[in-house]
Amino acid sequence: MKKTFFLSLAASLLVTMAAPAQAAQQFSTIEAAKQKVSDAGYILFIYPEGWDRYGEKLCKKLIADKGVQQAADDAALILAPIYQNRTEKNNARAKSVMGHLGYPHDMADISYPALVFYEKDGRQYASLHGEPLMTASTAEVAELVKQRREARKLQQSLLDKSGATQDTGEKARLVLAAARVDGVEWPNQLKETLRKIDPEDKHGCLAALNFGFGPQNNESMEAFMKRLDAALENKLLTPWQKQRACAAAIGHIRRSYGSMAGGPLIIKYAKAMKKLDPDSALGLSAPVVIRDWVREYRYGQGWSDQIIPAAPIPMLMHDVPMNKPGTYNVTFKLKTGRDGITINRLRLMDGETCIAADENVRHVTWGNTEQTYTFKVKSSLKKPMLEITYGNAPDKRSTWGDITISPQ
């Protein structure tokens, strides 16, 4: 994967920030800690008191560990209780320990025990909880603490660099990069900062931050895919954002066109999803999507309400017997159903090369149950396919028929 502006900048800043860390010091309460707290802020080791002995034991072990203390830099470490049944008494005890920090703002999403990281001014910027904490060794926890401290330093360095430049685009991109540092939360008032830097968002950073992708009301599939292709080329979007856009598109295509008509587009965007980050969850799912959500349209299947898509997109019919030089008749014959079919375009393809085409719109109806196309093949074809663009309206697909190919 190509390195982005953000990753290369982050790497260079991390090198400049490398410095020996000081060992953190433990305090019993916020009140005691804030007399000596440094710019490294606080780390609360929040344990479930009285209802999770393992969690309590773990936090007490970690806060006393020399490796964890070294990794915490010179942050103030505080062992803080959290209660399953909060009463006036235990709330008062928790407040006496946590002070103005209080409970984590995202406590509904945090399982305990947890390490919660705070700035000197009380802003929560990171947390460590759940499986990464419970299954890690003490040395691994120390490394995770170090990563979060370094991530915060990197984020601040990006913000400082943004403040030092006068170039509007560079200033906005650096703020966006700060928001994307892995392991820490967004800086405060991030969107307001971007709006102040670039009120009209001429450089697209706020749009990249707010990026979401899905079909819009009354949007054609052509416009939908045009938006998606533009997003995939947007250097301000992360691989994860682009993968999610591909996943949304794949679902929309399958719902709109089905696994047969939408197959080529599903394959296209599943492959893009894989290429963006092969080892991610969506990257690993791409081959499964292609395997389970794509069916090829093959000669001998004719047409039916299950085959005709709900929009006029090209469908590729495989295994057509037109590989040898000669003249061939392609006949569409109506068999049953309430509706006929409309054929907007028929093309004979050899792989991605068009050999012959009929661009005239034709109709197969109960008043005219057959339509025959004639194509001349001048040389042998390696991969002959018919590209059929049906033009039926979504509510006019109650129709079944045969497609036959015969040499003259």
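Quantities reported herein were computed from a predicted structural model and do not represent experimental measurements. Values below: every heavy atom of this structure, side chains too, minus hydrogens, waters and symmetry copies.
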Salt bridge (Lys or Arg N to Asp or Glu O under 4.0 Å): pairs with one or both residues in residues 238-256, sequence neighbours excluded: none
Nearest heavy atoms of P309 and A261, plus distance in Å: CB-CB, 3.5 Å
Chi angles and distances behind the side chain to side chain contact (heavy atoms under 4.5 Å, CB included) call for F45, L77: CA-CA 7 Å; F45 290 65; L77 309 185; 3.9 Å; yes
For the student: nearest non-hydrogen atoms of V141 and A136, plus distance: CG2-CB, 3.8 Å
Side-chain ion pair, R338 and D305, N-O less than 4.0 Å: no
Single hit among E56, H129, M134 for side-chain contact (heavy atoms from CB on, under 4.5 Å) with P113: M134
Heavy-atom neighbours of D121 CG exceed 12 at 6.0 Å: yes
Any donor-acceptor pair under 3.5 Å from K171 side chain to T165 backbone: yes
Polar contact flag, side-chain donor to acceptor under 3.5 angstrom, S38-D74: yes
Main-chain N/O of D201 paired to R195 side chain as donor or acceptor, under 3.5 Å: no
Sidechain-backbone polar pair: R397 side chain, I308 backbone, donor-acceptor under 3.5 Å: yes
Close side-chain approach of I403 and I388, heavy atoms under 4.5 Å: yes
Q155 (side chain) donor-acceptor with A178 (main chain) under 3.5 angstrom: yes
Step-by-step side chain to side chain contact (heavy atoms under 4.5 Å, CB included) determination, H363 to N368: CA-CA 8 Å; H363 302 279; N368 182 19; over 6 Å; no
4.5 Å side-chain heavy-atom contact, M273 and I250: yes
Lys/Arg-Asp/Glu bridge criterion (N-O < 4.0 Å) met for K153, E150: no
Distance-only polar pair, side chains of Y125 and N188, donor-acceptor under 3.5 Å: no
Qualifying residue, where the test is side chain to side chain donor-acceptor pair (under 3.5 Å) with E185 and the options are R123, H105, R152: H105
R180 and Q241: CA distance, side-chain angles, deciding distance, side chain to side chain contact (heavy atoms under 4.5 Å, CB included) verdict: CA-CA 12 Å; R180 289 175 170 169; Q241 287 176 309; 2.9 Å; yes
E352, CD: over 12 other non-hydrogen atoms inside 6.0 angstrom: no
Summary of salt bridge (Lys or Arg N to Asp or Glu O under 4.0 Å) pairs that have at least one residue in residues 87-110, sequence neighbours excluded: E49-R93
Close side-chain approach of M385 to M322, heavy-atom, < 4.5 Å: no
Spacing of CD1 belonging to I43 relative to CG belonging to L79, to within rounding of 0.5 Å: 13.0 Å
4.5 Å side-chain heavy-atom contact, D229 and Y269: yes
Nearest non-hydrogen partners of L232 and C246, listed with the distance: CD2-SG, 3.8 Å
Between W240 and S280, a side-chain donor and acceptor under 3.5 Å: no
Nearest-0.5 Å distance, CG of residue L194 to SG of residue C205: 6.5 Å
Residues that S256 engages under side chain to side chain donor-acceptor pair (under 3.5 Å), provided they are two or more places apart: none
For the student: nearest non-hydrogen atoms of I405 and Y299, plus distance: N-OH, 2.9 Å
Under 3.5 Å donor-acceptor, D52 side chain and K57 backbone: no
Q306 and R295: side chain donor to acceptor below 3.5 Å: no
V97 side chain reached by F27 side chain, heavy atoms, under 4.5 Å: no
Shortest non-hydrogen contact from A249 toward L228: CB-CD2, 3.4 Å
CZ (R53) with more than 12 external heavy atoms under 6.0 Å: no
Under 3.5 Å donor-acceptor, S259 side chain and V294 backbone: no
Pairs touching residues 201-228 that satisfy ring pair (Phe, Tyr, Trp, His ring centres under 6.0 Å), sequence neighbours left out: F213-F224, F224-H252
Heavy atoms of other groups near E143 CD, more than 12 under 6.0 Å: yes
S380 backbone acceptor or donor facing K324 side chain under 3.5 Å: no
Any donor-acceptor N/O pair, D339 side chain to S398 backbone, under 3.5 Å: yes
Close side-chain approach of L133 to L62, heavy-atom, < 4.5 Å: yes
Within 6.0 angstrom of E192 CD, more than 12 heavy atoms from elsewhere: yes
Side chain to side chain donor-acceptor pair (under 3.5 Å) involving N90 - partner list, sequence neighbours excluded: T87
Residues that E31 engages under side-chain contact (heavy atoms from CB on, under 4.5 Å), provided they are two or more places apart: T29, K34, Q35
Ionic contact status for E387 with R345, cut-off 4.0 Å: yes
Inter-residue atom distance L386.CG - L348.CG, 0.5 Å rounding: 6.0 Å
Least distance between heavy atoms, L209 atom then W186 atom: CD1-CZ2, 3.6 Å
Side chain to side chain contact (heavy atoms under 4.5 Å, CB included) assessment of I63 paired with V68: CA-CA 7 Å; I63 201 169; V68 173; over 6 Å; no
L190 side chain reached by V175 side chain, heavy atoms, under 4.5 Å: yes
Lys NZ or Arg CZ of R362 over F332 ring: under 6.0 Å, within 45°: no
Point-to-point distance, once rounded to the nearest 0.5 Å, from CG of D198 to CG of L206: 8.5 Å
Sidechain-backbone polar pair: D167 side chain, G169 backbone, donor-acceptor under 3.5 Å: yes
Check: N210 and K191 side chains under 4.5 Å, non-hydrogen atoms: yes
Y390 and Y297 aromatic ring geometry - parallel, tilted or perpendicular at 30°/60° bounds: tilted
Pairwise distance CD1(I313) to CE(M225) - rounded to 0.5 angstrom: 7.0 Å
Main-chain N/O of V184 paired to R148 side chain as donor or acceptor, under 3.5 Å: no
Approximate separation, where rounding is to 0.5 Å, of I46 CD1 and Y112 OH: 5.0 Å
